[in-house]
Asker: 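Please find one structure pasted underneath; my questions will follow.
Quick note on labels: first sequence line is chain A, next is B, and so on, each numbered from 1.
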Amino acid sequence: MAQGDRSIRVRYAPSPTGALHLGGARTALFNYLYARQQGGKFLLRIEDTDRARLKQGSQSSIEEGLRWLGMEWDEQPIIQSERKEAYAKAAQGLLESGAAYRCFCTPERLEQMRAEQRARHEPERYDRRCRSIPREESDRRAEAGERFVIRQAMPLEGATTFHDLVMGTVTFRNDTLDDHVLLKSDGFPTYHLAFAVDDHESRISHVIRGDGWLPSAPKHLLLFQAFNWLPPAFAHVPLVLGPDKKPLAKRHGAKDVLEYRDAGYLPEAVDNFIAFLGWSPGTEEDVLAIDELIARFSIEKIQASPAVANLERLDWLNGQFIRRLSADELASRIAPRFSGVTADALRPLMPLVQERLRTLNEATEMLRFFFEEPRDYRPDQLVPKGRDANGTAAVFQAAAERLRRLPAWDHDTVEHELRALAEHLGWSSRDLFMALRVAVTGRTVTPPLIESMAHLGQAPVIARLERASASLSNAPER
RNA sequence: GCCCCCAUCGUCUAGCGGCUAGGACACGGCCCUUUCAAGGCCGGAACGGCGGUUCGAUUCCGCCUGGGGGUACCA
């Protein structure tokens, strides 16, 4: 088992077959939090030994996702496809020690073998035919150019037990383990070999990975033993499920984390959200920034059961984090989503929306009227229930008149004047404010009206009131 | 089929033999209120089943059931 004198080194090791999705991001985050908390290193390793499944651009999109979520990795990423020789050398060593053997079976024979096993309801495993080939014969055939793979020779009896930091003690009977392939006939390693070689060489202390790997963990442990290397500690974290209880994977439109960025979510919120999927600090705290997550994280508190991603909670969290931002911060995060509007122009408006945002993208709809004239008014929105168009048009005129005469243009003055107007007209402030709201903003849902008017400015407000009035006068009476 | 893992409100979870089973999201109600939010208060809502162990099980053990994963010259 891992000894205490080894420093903490962990890694996130995606294969570049797609984007970084929530589940992958969570695995990465657990590694990252642990490394940062322990003052260790967080490494990135690209597992691209399956050249058939490589996807162009995948690596850079995964890296972009990690950076967006604030997970900077230490050291140069390890690219497995560049390390073919290291794996071949390691496999050769195993051949020498007898922990592995060459297998010359053809894919066709293997397929037939499996078909027969299936028919007999037996476990589908390699039948170890080549395991008994004498070493000299094996060498001769290899030299003669015959194609082969290298398989790990599993112990035929006994059991392999290890302690998983999340799952607890796990035991496998050795005779159920397959003599799986370590080195493919194309010279590339399989995951298993590359995993052991790389984790050993980069002195990984803790392997925190998805629990899909749990069934092969005993093989990995045995592999470390075969190399006579000290194995890392293991922590298998359960899957993240979608709302349909199915694993969150490509199959049901699993999302690239960058899509959350584009949809207006803050990386802080996404980090918090995924951290709490299968983990909790054991307290009642729930809105934690990344440094707080780092301080509280512990592998032992990771849940052994899978978690269903509840996106409604992400919305709520995002609102919480938005509310914690300074006006400056918020403005600069919204600005890029708002074409033609600068953070400077946005900043004074932030107090109007900060309390009501769930995503950054909602800000553009809420604030658009500050930068654009309302488009066509809808009379049914402009005219309160029980009032008529002419009357309402007159009210807009009256409001414009009163506002034009105001000596100062600030919140209190405007509010006082408008409330007086409502009183004078015999309108409820509710009706009056709604009508004015639509006239000034073109919408029925907006930030608080008076503040909005104060920020918009006297002249634009009056102009919009007159325009709204005119639109009603011109409208055909019904 | 075989191997392995998992199991508390709808969801995320706290719990680590004795609790009125706690919190959060969502939901419902009330308050606040110029819309929408935010905020405050209140409410409904869970230990999958059966056996053990024990004075006592949500908690420990076994079985069942139900989920999930693995079973490739994929990771």
Side-chain angles (χ1 to χ4, degrees), chain A residues 13-17 47-50 52-53 80 103 105 107 110-111 114 117-118 120-126 147-151 164 166-168 170-173 176-178 180-192 194-195 209-218 236 238-239 241 243 245-247 273 276-287 301 303-317 319-320 323 353-358 362 366 415 418-419 422 428-438 441 443-450:
Chain A
S15 56
T17 54
E47 310 218 318
D48 58 349
T49 53
D50 182 354
R53 296 202 313 156
Q80 293 189 324
C103 169
C105 294
L110 294 175
E111 187 35 57
R114 276 192 283 266
Q117 288 170 335
R118 250 192 313 275
R120 289 195 300 263
H121 297 290
E122 286 171 9
E124 292 175 36
R125 272 185 260 130
Y126 178 56
R147 275 179 85 81
F148 63 87
V149 300
I150 293 181
R151 289 182 183 273
D164 186 274
V166 172
M167 297 297 175
V170 186
T171 299
F172 290 80
R173 275 173 46 187
T176 65
L177 302 178
D178 195 8
H180 61 185
V181 173
L182 293 176
L183 199 70
K184 311 178 213 175
S185 58
D186 64 2
F188 278 89
T190 58
Y191 169 83
H192 312 288
F195 153 85
R209 71 214 311 194
D211 80 353
W213 295 114
L214 193 55
S216 39
H236 289 93
L239 265 42
L241 274 26
K245 299 271 181 87
K246 290 291 176 197
F273 178 67
F276 274 75
L277 249 28
W279 174 84
S280 98
T283 64
E284 286 181 1
E285 303 168 290
D286 49 14
V287 183
K301 283 200 160 297
Q303 196 88 0
S305 57
V308 174
N310 173 201
L311 277 325
E312 284 165 336
R313 188 181 161 78
L314 175 58
D315 283 342
W316 174 78
L317 272 171
Q320 295 297 312
R323 255 145 250 141
V353 296
Q354 188 152 18
E355 293 286 290
R356 22 183 64 73
L357 291 176
R358 279 175 106 73
E362 290 168 355
M366 278 183 200
E415 176 164 25
L418 258 20
R419 289 197 188 276
S428 66
S429 53
R430 190 184 190 85
D431 279 353
L432 178 63
F433 284 20
M434 183 50 86
L436 295 177
R437 178 188 316 282
V438 176
T441 70
R443 298 168 49 98
T444 56
V445 176
T446 72
L449 177 64
I450 313 291

Asker: Looking at B:rG68, B:rU35, B:rC12, which one has an atom nearest to any side-chain atom of A:L239?
Answerer: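 Taking heavy atoms from C-beta onward, the closest nucleotide is B:rG68.
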
Asker: Counting only Watson-Crick or G-U wobble pairs whose two distances fall under 3.5 Å, which nucleotide matches B:rC63?
Answerer: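 Answer to the pairing question: B:rG49, which forms a Watson-Crick or G-U pair with B:rC63.
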
Asker: Check for a donor-acceptor pair, side chain of A:T190 on one end and backbone N or O of A:L182 on the other, with a separation under 3.5 Å.
Answerer: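 Here the side-chain-to-backbone pair exists.
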
Asker: Counting only distance, no hydrogens or angles, is the base of B:rC36 paired donor-acceptor with the side chain of A:R356 under 3.5 Å?
Answerer: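 Such a pair exists between side chain and base.
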
Asker: Of the nucleotides B:rU11, B:rC2, B:rC5, which has the atom closest to the A:P123 side chain?
Answerer: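 Of the candidates, B:rC2 comes closest.
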
Asker: When all nucleic acid strands are considered with a 4.0 Å heavy-atom cut-off, which category describes A:L214: base, sugar-phosphate, or nothing?
Answerer: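 Result for A:L214 = sugar-phosphate.
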
Asker: What nucleic acid atoms does A:S280 come within less than 4.0 Å of, heavy atoms only: base, sugar-phosphate, or nothing?
Answerer: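 If one applies the 4.0 Å heavy-atom cut-off, A:S280 turns out to touch the sugar-phosphate alone, with no base involved.
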
Asker: From the options B:rU34, B:rC73, B:rC74, select the nucleotide whose nearest atom is closest to the side chain of A:R53.
Answerer: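 Ranking B:rU34, B:rC73, B:rC74 by closest atom to the A:R53 side chain puts B:rC74 first.
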
Asker: Looking at A:R358, does any N or O in its side chain come under 4.0 Å of the phosphate oxygens OP1/OP2 on B:rC25?
Answerer: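 For B:rC25, neither OP1 nor OP2 has a side-chain N or O of A:R358 closer than 4.0 Å.
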
Asker: How would you label the contact of A:Y191 with the nucleic acid (heavy atoms, under 4.0 Å): base, sugar-phosphate, or nothing?
Answerer: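 Here A:Y191 touches the bases of the nucleic acid.
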
Asker: Name the nucleic acid region contacted by A:R147, choosing base, sugar-phosphate or nothing; use a 4.0 angstrom heavy-atom cut-off, strictly under.
Answerer: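 Result for A:R147 = nothing.
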
Asker: Quote, to the nearest angstrom, the P distance that separates B:rG68 from B:rC30.
Answerer: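 My reading of the P atoms in B:rG68 and B:rC30 gives 41 Å.
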
Asker: More than 12 heavy atoms of other residues, nucleotides or ligands under 6.0 Å from CZ of A:R430: yes or no?
Answerer: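 Atom CZ in A:R430 is not packed in, count stays at 12 or less.
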
Asker: Round to the nearest Å and state the distance from A:R313 atom CZ to B:rC25 atom P.
Answerer: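 In whole Å, B:rC25 P lies 7 Å from A:R313 CZ.
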
Asker: Tell me whether the OP1 or OP2 atom of B:rC36 has a side-chain N or O from A:R443 closer than 4.0 Å.
Answerer: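 No, because none of the side-chain N or O atoms of A:R443 sits under 4.0 Å from OP1 or OP2 of B:rC36.
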
Asker: Checking all strands, does A:P447 fall into the base, sugar-phosphate, or nothing category for heavy-atom contacts under 4.0 angstrom?
Answerer: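 A:P447: base contact, heavy atoms under 4.0 Å.
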
Asker: Roughly, in whole Å, what's the span from CZ in A:R125 to P in B:rG1?
Answerer: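 Distance check: A:R125 CZ to B:rG1 P gives 16 Å.
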
Asker: Once you apply a heavy-atom cut-off of 4.0 Å, does A:T444 come out as touching a base, just sugar-phosphate, or nothing?
Answerer: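 Here A:T444 touches the bases of the nucleic acid.
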
Asker: Out of B:rG22, B:rC73, B:rA75, which has the shortest distance to the side chain of A:E284?
Answerer: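 Taking heavy atoms from C-beta onward, the closest nucleotide is B:rG22.
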
Asker: Is A:R419 close enough to B:rU34 that one of its side-chain N or O atoms is under 4.0 Å from OP1 or OP2 there?
Answerer: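 Yes, such a contact exists.
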
Asker: Please state the C1' separation for the pair B:rC41 and B:rC32 - nearest whole angstrom.
Answerer: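 Going atom to atom, C1' in each nucleotide, I get 11 Å.
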
Asker: What distance separates A:K184 NZ from A:D50 CG, expressed to the nearest 0.5 Å?
Answerer: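 Here the interatomic distance stands at 5.0 Å.
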
Asker: Only pairs with both distances under 3.5 Å count, Watson-Crick or wobble alike; so what is the partner of B:rC30 in this structure?
Answerer: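 WC or wobble partner is B:rG40.
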
Asker: Start at the 5' end of RNA chain B and walk down; is the nucleotide closest to A:A309 or to A:V166 reached first?
Answerer: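 Closer to the 5' end of RNA chain B: A:V166.
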
Asker: Let me confirm one number: the CD-OH distance from A:Q80 to A:Y191, rounded to the nearest 0.5 Å.
Answerer: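 If I round to the nearest 0.5 Å, the distance is 8.5 Å.
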
Asker: Can you check the distance between B:rA75 and B:rA38, where both ends of the measurement are the C1' atom (answer in whole Å)?
Answerer: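 Roughly 45 Å separates the two C1' atoms.
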
Asker: Are any non-hydrogen side-chain atoms of A:L357 and A:M366 less than 4.5 angstrom apart?
Answerer: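 Of all side-chain heavy-atom pairs linking A:M366 with A:L357, at least one is under 4.5 Å.
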
Asker: Whole Å only: how far is the CG atom of A:L241 from the C1' atom of B:rC5?
Answerer: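 Nearest whole value for this atom pair: 13 Å.
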
Asker: When you measure from the side chain of A:P215, which nucleotide among B:rA24, B:rG69, B:rU34 comes out closest?
Answerer: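 Nearest to the side-chain atoms of A:P215, counting from C-beta on, is B:rG69.
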
Asker: Paired with B:rU58 by Watson-Crick or G-U wobble geometry, both distances under 3.5 Å: which nucleotide is it?
Answerer: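 Across all strands, not a single nucleotide pairs with B:rU58.
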
Asker: Would one find a side-chain N or O of A:K184 under 4.0 angstrom from OP1 or OP2 of B:rC74?
Answerer: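 True: A:K184 side-chain N/O within range (under 4.0 Å) of B:rC74 OP1/OP2.
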
Asker: Using a 4.0 Å heavy-atom cut-off across all strands, classify A:E312 as base, sugar-phosphate, or nothing.
Answerer: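 Touches sugar-phosphate only.
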
Asker: Need one value for A:R151: base, sugar-phosphate or nothing, where a base atom within 4.0 Å counts as base even if backbone is also close, heavy atoms only.
Answerer: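 The residue A:R151 makes sugar-phosphate contact but no base contact.
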
Asker: Look at the side chain of A:R437 and the base of B:rU34, then say whether one donor and one acceptor between them are separated by less than 3.5 Å.
Answerer: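 Flag set: donor-acceptor pair detected.
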
Asker: Please measure how far the C1' atom in B:rG29 lies from the corresponding atom in B:rC63, and state the result in whole Å.
Answerer: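 Pairwise C1' distance, B:rG29 against B:rC63, rounds to 46 Å.
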
Asker: Students often get this wrong, so: under 4.0 angstrom with heavy atoms, is A:T49 touching a base, only sugar-phosphate, or nothing?
Answerer: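 Since only primed, P, OP1 and OP2 atoms lie under 4.0 Å of A:T49, the category is sugar-phosphate.
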
Asker: If we take the P atom in both B:rC64 and B:rA57, what is their distance in whole Å?
Answerer: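 Straight-line distance between the two P atoms is 23 Å.
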
Asker: Look at the side-chain N and O atoms of A:Q320 and state whether any lies under 4.0 Å from the OP1 or OP2 oxygen of B:rG39.
Answerer: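 Result: yes.
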
Asker: In Å and rounded to the nearest 0.5 Å, what is the CG to CD distance from A:L110 to A:E124?
Answerer: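 That separation rounds to 11.5 Å.
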
Asker: In whole Å, what separates the C1' atom of B:rC4 from that of B:rG40?
Answerer: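 Here B:rC4 and B:rG40 have their C1' atoms 49 Å from each other.
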
Asker: So if I take every side-chain heavy atom of A:R323 and compare against B:rC74, B:rC12, B:rA38, which nucleotide ends up nearest?
Answerer: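 Given the options B:rC74, B:rC12, B:rA38, the side chain of A:R323 is closest to B:rA38.
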
Asker: Got a second to check how far A:L317's CG is from A:E312's CD, nearest 0.5 Å?
Answerer: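 Interatomic distance, A:L317 CG to A:E312 CD, rounded to 0.5 Å: 12.5 Å.
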
Asker: Using atom P of each nucleotide, how far apart are B:rC19 and B:rG39 to the nearest Å?
Answerer: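 B:rC19 and B:rG39 have their P atoms separated by 34 Å.
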
Asker: Hey, does A:Q303 reach any base, or is it just sugar-phosphate, or nothing, if we go heavy atoms under 4.0 Å?
Answerer: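 A:Q303: backbone/sugar contact only, no base atoms under 4.0 Å.
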
Asker: Rounded to the nearest 0.5 Å, what separation is found between the CZ atom of A:R437 and the CZ atom of A:R443?
Answerer: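 Result: 11.0 Å between the selected atoms.
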
Asker: If we take the P atom in both B:rG18 and B:rG69, what is their distance in whole Å?
Answerer: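 Straight-line distance between the two P atoms is 35 Å.
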
Asker: Any side-chain N or O of A:R173 under 4.0 Å from OP1/OP2 of B:rC3?
Answerer: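 No, outside the criterion.
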
Asker: Contact class for A:S428 vs. all strands (heavy atom < 4.0 Å): base, sugar-phosphate, or nothing?
Answerer: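 Nothing: the residue A:S428, judged by heavy atoms under 4.0 Å, touches no strand.
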
Asker: Can you tell me the distance, in whole Å, between the CZ atom of A:F172 and the C1' atom of B:rC5?
Answerer: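 Value for this atom pair: 8 Å.
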
Asker: Using whole Å, report how far CZ of A:R209 lies from P of B:rC5.
Answerer: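 For the pair A:R209 CZ and B:rC5 P, the rounded distance is 15 Å.
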
Asker: Just name whichever nucleotide pairs with B:rC2, Watson-Crick or G-U, keeping both distances under 3.5 Å, else none.
Answerer: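 WC or wobble partner is B:rG70.
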
Asker: May I ask which nucleotide in the shown strands pairs with B:rC25, Watson-Crick or G-U wobble, both distances under 3.5 Å?
Answerer: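 Answer to the pairing question: B:rG10, which forms a Watson-Crick or G-U pair with B:rC25.
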
Asker: Pick base, sugar-phosphate or nothing for A:P189, based on heavy-atom distances below 4.0 Å to the nucleic acid.
Answerer: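 Here A:P189 touches the backbone only, sparing every base.
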
Asker: State the pairing partner of B:rU35; accept Watson-Crick or G-U wobble contacts with both distances under 3.5 Å, and report none otherwise.
Answerer: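 Looking at the geometry, B:rU35 pairs with no nucleotide.
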
Asker: Atom NE2 of A:H121 and atom C1' of B:rC3: how far apart are they, to the nearest Å?
Answerer: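 These atoms are roughly 17 Å apart.
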
Asker: Between A:L214 and A:H236, what is the shortest heavy-atom contact and its length?
Answerer: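 For A:L214 and A:H236, the tightest heavy-atom pair comes out as CD1-ND1, 3.4 Å.
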
Asker: What's A:V308 touching, base or sugar-phosphate or nothing? Going by heavy atoms closer than 4.0 Å.
Answerer: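 Sugar-phosphate only.
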
Asker: Distance check needed: B:rC73 P versus A:I150 CD1, whole Å only.
Answerer: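 Rounded to the whole Å, the gap is 14 Å.
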
Asker: A:K301 NZ to B:rG15 C1': how many Å, rounded?
Answerer: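 Whole-Å distance recorded here is 9 Å.
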
Asker: Considering every strand and a 4.0 Å limit on heavy-atom distances, what is the contact class for A:S305: base, sugar-phosphate, or nothing?
Answerer: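 Contact class for A:S305: sugar-phosphate only.
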
Asker: For the atom pair CG (A:L277) and CG (A:L239), what is the distance rounded to the nearest 0.5 Å?
Answerer: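 Output value for this atom pair is 11.0 Å.
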
Asker: Classify the side chain of A:T176 and the base of B:rC3 as holding, or not holding, a donor-acceptor pair under 3.5 Å.
Answerer: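 A donor-acceptor contact between them is absent.
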
